[in-house]
Structures are given as C-alpha cells and as structure tokens.
Amino acid sequence: MSERTIALVTGANKGIGYEIAAGLGALGWSIGVGARDEQRRNAAVEKLRAAGVQAFGVPLDVSDDASATAAAQLIEEQAGRLDVLVNNAAITGGMPQEPTGVDPATIRTVVETNVIGVVRVTNAMLPLLRRSAAPRIVNMSSSVGSLTRQSGPDAEQTAGPVSAAYAPSKTFLNAITLQYVRELSGTNILINVGCPGYVATDLNGFRGVRTPEQGAAIAIKLATLPDDGPTGQFFDDAGVVPW
Ligand SMILES: NC(=O)c1ccc[n+]([C@@H]2O[C@H](COP(=O)([O-])OP(=O)(O)OC[C@H]3O[C@@H](n4cnc5c(N)ncnc54)[C@H](OP(=O)(O)O)[C@@H]3O)[C@@H](O)[C@H]2O)c1
C-alpha cells in the first residue's frame, strides 16, 4: 500500500476540480484524476505530472454505475485504499431553467449527476475509504443550494438565478450529505460540504469573479482537516454557510 495520501477528485479535468487536484498534489499526495473523457483526462494527468504531481487517470462518469465500480477497482489496484474523496463533478443543465417552464428531463439529468452521482461514487469508494486511517469526503456544493439564502431578503444578490434544477440539486446534495453524516457518525470519516464562491469556469460561461485556484481552496481545506476537525458542516472561504 502507498505511503502517500491517496485522493480521488471527480471532474478533475478542468475548472475547480483540476485546481483541487493540483493543490492536493502539491502536498505530495497521489491524485486520481476522475474524468469521463479520455483525451481531457489524459491531458489533465500530463499537465499535473509536468507540475510535479503524482497523478493517475481514473476513467469515471459519475452518472454510470459500471463506471463508478470500475473506478473503485482501479484505485484498489493502484493504491489499495482511498484517503480522500472529493465529489466535485457537476452540471447546471443549462440556463434559463425557471420552474414554470423547465423541461422535467433537465431536472432528472441534473439530479442524476449532481446528487445520485455523488451517492454512486461515494458508495463505490466507501470500502476503500474505510481502509484509511483518516478518511475525508468533501462534497462540492454551492451556496445557491442554501434554503436560508434562497428564502432570504437578499436572494436576488446571494442565491444565483432562479433555477429548478441546479440550485435544488445542491440543496438535495446538502441534505443527503447530512444523512451520510448521521449514518457514519461514530466512524473516523469526516464529511463536509464546500462552496467555492462564484468562480470563472465553463459552468457559468466564465462569468464568475474568482479564479479556479481560489475556488479550490475550500475543498483543499476540507480534504486536509485534522482528526478533530468538523464533520457535517457547510463551509465557504468566509466560514459556515447556512443550510
Ligand atoms: N463555478 C462556480 O461559480 C461554482 C459555484 C458554486 C459551486 N460550484 C461547484 O463546483 C464544482 C466544480 O464546478 P466548475 O465550476 O469547476 O465546473 P466545470 O468547469 O464545468 O467542471 C465540471 C467538471 O465536472 C465534470 N463532469 C460533469 N458531468 C460529469 C459526469 N457525468 N461524470 C464525470 N465528470 C463530469 C466535467 O467534465 P467534462 O469536461 O467531461 O464535462 C468537469 O470536469 C461543481 O460541483 C459546481 O457545482 C461551482
């Protein structure tokens, strides 16, 4: 088994996920670059290796059961265990998506990736995480999933555009994360939710105001929590985000 800390980052070929992989790799960790497209995955692995990171490609479509199972098998063969899982991959489903006009298929697709994808990958990886001395799960969510912010007086400024799929998918992800926290309480697995802020990536047509590196910082912080660190909480760079 590897002496290095082993992490898997989903959706690591670009955007915030790539920078999470780069940041954790810079700590000397071994990084599984989870990505569904072979070319984009290989390009990211090469770029990370050129930067000195011990990276390996993990073919992974989070919306596919067989892909998640195969990814766990690959990590078992490569490393024998997993220390840190960062569930970062997500889609918006395209905007606009106001509830009165949304195609229900959009909601299904977004939930399949952003929520069920996290469950699928987490459950596939749990046997490997249980072999770690200090397992961490980081679910990348968004403050637009905060019901407090969605229902508050400043929603127009703080809760993103009205959306029937993307924002509620993050609320669902937050809720299901807490169910994992409850079930796994009493284990050494720390599970937290992170929001990267409004980051310029493909996800929003590069309209975000933060860099992907800045967006990656909260995930890196939650991936490197000490054993007495928090679990079952929702953080951004400024601190606790209300559910
Ligand atoms: N950008 C923001 O302002 C912002 C704000 C709040 C939260 N977030 C969250 O931060 C995370 C990263 O977002 P980002 O801005 O970096 O987005 P991004 O640049 O669009 O990257 C998304 C990543 O997810 C991957 N992905 C999508 N569907 C997948 C699937 N079925 N299987 C495997 N990988 C899949 C994409 O791979 P492909 O290249 O193959 O499509 C890509 O690598 C997401 O969870 C997002 O919701 C972002």
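Just so it is clear, the structure is predicted and the values come from calculations on it, not from any experiment. Numbering of ligands and ligand atoms starts at 1, following listing order. Basis for what follows: all heavy atoms, side chains included, without hydrogens, waters or symmetry-related copies.
The closest side-chain donor-acceptor pair between Y18 and N88, if any, does not fall under 3.5 angstrom.
For residues 214-241, the ring pair (Phe, Tyr, Trp, His ring centres under 6.0 Å) pairs, not counting sequence neighbours, are F234-W243.
Sorted by chain and number, the residues within 4.0 Å of ligand 1 by heavy atom are G11, N13, K14, G15, I16, R36, R40, L60, D61, V62, S63, N88, A89, A90, I91, T113, M140, S141, S142, Y166, K170, P196, G197, Y198, V199, T201, D202, L203, N204.
Other residues, nucleotides and ligands place no more than 12 heavy atoms under 6.0 Å from the CZ atom of R108.
Under the side-chain contact (heavy atoms from CB on, under 4.5 Å) criterion, L203 pairs with T92, Y166, T201, not counting sequence neighbours. In this structure D61 satisfies the salt bridge (Lys or Arg N to Asp or Glu O under 4.0 Å) test with no other residue, sequence neighbours excluded.
Side-chain N or O atoms of R40 include none that pairs as donor or acceptor with a backbone N or O of K14 at under 3.5 Å.
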